[in-house]
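Here is the naming used below: chain letters follow the sequence lines, and residue numbers restart at 1 for every chain.
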Amino acid sequence: MEAKAERVGLWSSGAVVAVVLLLGVVAPFVAYDPAGAVDYDQQLVGPSAAHWFGTDGQGRDVALRLLKGIEAFFLPGLLAGLAATTLGALAGAVAGYAEGWVRSAVLGLMQLIDTLPRLVFIILVCTILNPSISLIAAVAAVLFVPNIATVVRRKVEALGSEDYILAHIAHGFRPTRILLYHIIWLQCRPLLIRQATYVFGYVLFVETALSYLGDYGVQEPTPSWGNMVAQTRELAGAAPWPWLFPALAIVITISGFLAFGNLLARHEEEALR
Amino acid sequence: MTRASLLLIAALRRTAGGLLLLVGASFVIYITIRSAPGDAIDAISPMGTPPEVKAKLMAEFGLDRDPITGYVAWLARSAVGDFGESLVFAPGATVMDVGLPAFERTLALAALALAACLVLAVLGALLLGRPHPRQQVITGPLYFLTAAPSFVVAVLFAQATNWFVHTYVEQGGYETPPWYPIPIYSESWMPYLFAGFVLVAGDGLFMDFLNAVRAELQGLRSAQFIAAVRAKGARTVGHIARNMVVPLVSGYAARLPLVLGGVVIVEYIFTLDGAGYLLLEAARERDFPIVVGLSVLFTATIIVVNLLADIVRALVDPREVARGG
């Protein structure tokens, strides 16, 4: 299966991830005044050298708004991915290693979080607390902990009876060191990378979806890929570029991140063998 | 013990576990309500709510008591389906009267869409057969296309529909075409069909399911007991089919929460009269009893479906019961 197509997939999805990461880092340094960008002499101008992706119904440059729109999900998504994998790895390690009531308590808590319907719960939280993308990302991170804990726990349980781990125990290594370094850091990295890309993709999905719907996401005039797609409501059929490019950006970024996570994990797992 | 009594014990144990989960999950929802900044009652009531309604809400959600006794009182009322009355969306009507019919439609839509996705995934897996590098010409682009979030699929779809309607009108059509997917006034099931299609095509659901089914099928086909069946000259189809039931049921139950999330947004875009549309509209108008009631219904559904999946697995696969799970 380690075929050419897979390498092509890994490199092309890796390129998408690299471009998004690069633009995400660059975006905050690009000056943009959402109100000042409006230019009614330049409404719905098609793609050209001056406006690569054209302009929208208020004459704002679509390419620049795409770039600034990354800010809406970039940092929250990365932090959520990091938080979810850290918490998930810890919970999985405890559940896989501990016995008795500690194990039951962690497993029970994970099962509990896992039964909450993610999007519905996020909407519930948004109606109660002050909605913001950071809050949404934080809730999403917690909701993804059980998924990550489950895969890590299975790995810990499977490796716990391996000879070399028993040898480490016989050598008198501390359990925390065996768990955190030898099992999680050395063996679970591919799994964790895959899960982190899922969480990032999910935060991007929720941010754009809520910004599209309009109540809890990013509000106009601040750009988000979601509220850019929402311009279809005003522009139905007039000109496709104000909403088509952000829609494509969402699809390419999500599938790029998911594919990269999957392929990289498979690649690394094969290398570990 | 006989198999039947073992099954019964397993079913009872799992039901008890499911009830415990429901209590726990509803506690999480309740604590979330209590965690509102400032005065919780102001956070959960719409602007300009008269004081007597506020007092009633306080009592209903047990906000005038400490979290534990407040929770117990709220749970006791919720357990018999009393989630209070709608405030803004349908003033005076109980949450169950408004929410339950909508929720039934939503559940039917999500369950049928996921079932269709399962059937398509099985057909796809059978058609594709053994994994082969050349298949990535098909699966690669498909992976890319189906990774689109359902709301993006819905938007692209609505735009395509607009374009079709535009050409239809240009050609002299003046009545609403029978296939028009956005509900206007007619009691048509077409919008539901289109919403179902969007759910199947979006959120990476199909490819995820297809890959899972293919991996299971591949593992089964190369299993030793299947080789033994083949060596005896018997047909393997029945054995493979029976052994696929457990992973398919698990896969279905595991993906339902994702679809129940997607359906919320898709319903809103197609303005379908379901629980997702109701949830977002109620959240927008700060009709809090409806939001909480629907959240509990969604959560309870996930627990019940997992419970049913557990029981089906136990019925099909004796090992599930023998493990004492």
Side-chain angles (χ1 to χ4, degrees), chain A residues 1-6 8-9 12-13 108-109 111-130 139 201 204-206 208-210 212-216 225-226 229-230 232-233 236-237 240 243-244 246-248 250-259 262, chain B residues 17 20-22 24-25 27-29 32-33 35-37 40 43-44 131 133-137 140 143-152 155-156 158-159 162-163 166 203-204 257-258 260-262 264-265 268-269 276 279-280 282-284 286 288 291-292 294-295 298-299 301-303 306:
Chain A
M1 271 302 272
E2 180 62 24
K4 196 175 149 205
E6 200 143 302
V8 172
S12 52
S13 60
L109 185 65
Q111 214 181 350
L112 189 63
I113 298 173
D114 209 23
T115 54
L116 296 170
R118 289 194 186 119
L119 195 65
V120 175
F121 190 70
I122 288 174
I123 291 167
L124 175 75
V125 170
C126 281
T127 50
I128 298 167
L129 305 176
N130 295 327
V139 175
L204 167 57
F205 160 69
V206 175
T208 50
L210 293 182
Y212 172 80
L213 295 175
D215 281 321
Y216 303 123
W225 292 357
V229 173
T232 48
R233 293 199 197 110
W243 53 266
L244 191 59
L248 281 177
I250 293 171
V251 178
I252 291 172
T253 309
I254 288 187
S255 61
F257 265 82
L258 295 189
N262 273 333
Chain B
L20 202 64
L21 266 183
L22 192 54
F27 186 64
V28 173
I29 290 175
T32 312
I33 302 169
S35 69
I44 66 168
R134 230 177 285 164
Q135 287 170 353
Q136 300 199 339
V137 178
Y143 183 87
F144 171 76
L145 288 174
T146 58
S150 42
F151 84 94
V152 174
V155 166
L156 294 179
Q159 291 301 314
N162 275 344
W163 184 77
H166 186 74
D203 291 337
L258 179 78
L260 282 176
V264 170
I265 294 172
Y268 197 78
I269 293 175
L279 178 79
L280 285 169
R284 168 174 299 188
R286 309 201 60 75
F288 203 69
V291 176
V292 174
L294 287 177
S295 302
F298 271 101
T299 310
T301 304
I302 290 175
I303 292 173
N306 278 324

Pick from [options] with the largest number of heavy-atom pairs that fall under 4.5 Å of chain A:
| options | answer |
| --- | --- |
| B:Pro257, B:Gly17, B:Ala25 | B:Ala25 |
| B:Gly276, B:Gly261, B:Gly204, B:Gly262 | B:Gly261 |
| B:Leu294, B:Thr32, B:Leu156, B:Val264 | B:Thr32 |
| B:Leu279, B:Val292, B:Leu258, B:Thr301 | B:Leu279 |
| B:Ala282, B:Ser150, B:Ser295 | B:Ser295 |

What part of [X] lies closer than 4.5 angstrom to a heavy atom of chain B: side chain, backbone, both or neither?
| X | value |
| --- | --- |
| A:Leu112 | both |
| A:Thr208 | both |
| A:Leu244 | side chain |

For [X], is it the side chain, the backbone, both, or neither that has a heavy atom closer than 4.5 Å to a heavy atom of chain A?
| X | result |
| --- | --- |
| B:Phe151 | side chain |
| B:Phe27 | neither |
| B:Phe298 | both |
| B:Leu21 | both |
| B:Asn306 | neither |

Which heavy-atom pair separates [X] from [Y] by the least distance, and what is that distance?
| X | Y | result |
| --- | --- | --- |
| B:Pro149 | A:Ile250 | CG-CG2, 3.6 Å |
| B:Ser35 | A:Leu129 | O-CD2, 3.6 Å |
| B:Tyr143 | A:Ser255 | CE2-O, 4.1 Å |
| A:Asp215 | B:Arg284 | OD2-NE, 2.6 Å |

Close side-chain approach of A:Phe205 to B:Asp203, heavy-atom, < 4.5 Å:
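Yes - at least one pair of side-chain heavy atoms lies under 4.5 Å apart.
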
Taking CD in A:Gln111 as the centre, count heavy atoms belonging to other residues, nucleotides or ligands within less than 6.0 Å. Is the count above 12?
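No, not enclosed.
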
Check for a donor-acceptor pair, side chain of B:Arg286 on one end and backbone N or O of A:Thr127 on the other, with a separation under 3.5 Å.
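Yes, B:Arg286 side chain to A:Thr127 backbone: donor-acceptor pair under 3.5 Å.
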
With sequence neighbours left out, what residues match B:Leu145 under side chain to side chain contact (heavy atoms under 4.5 Å, CB included)?
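Expected list: none.
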
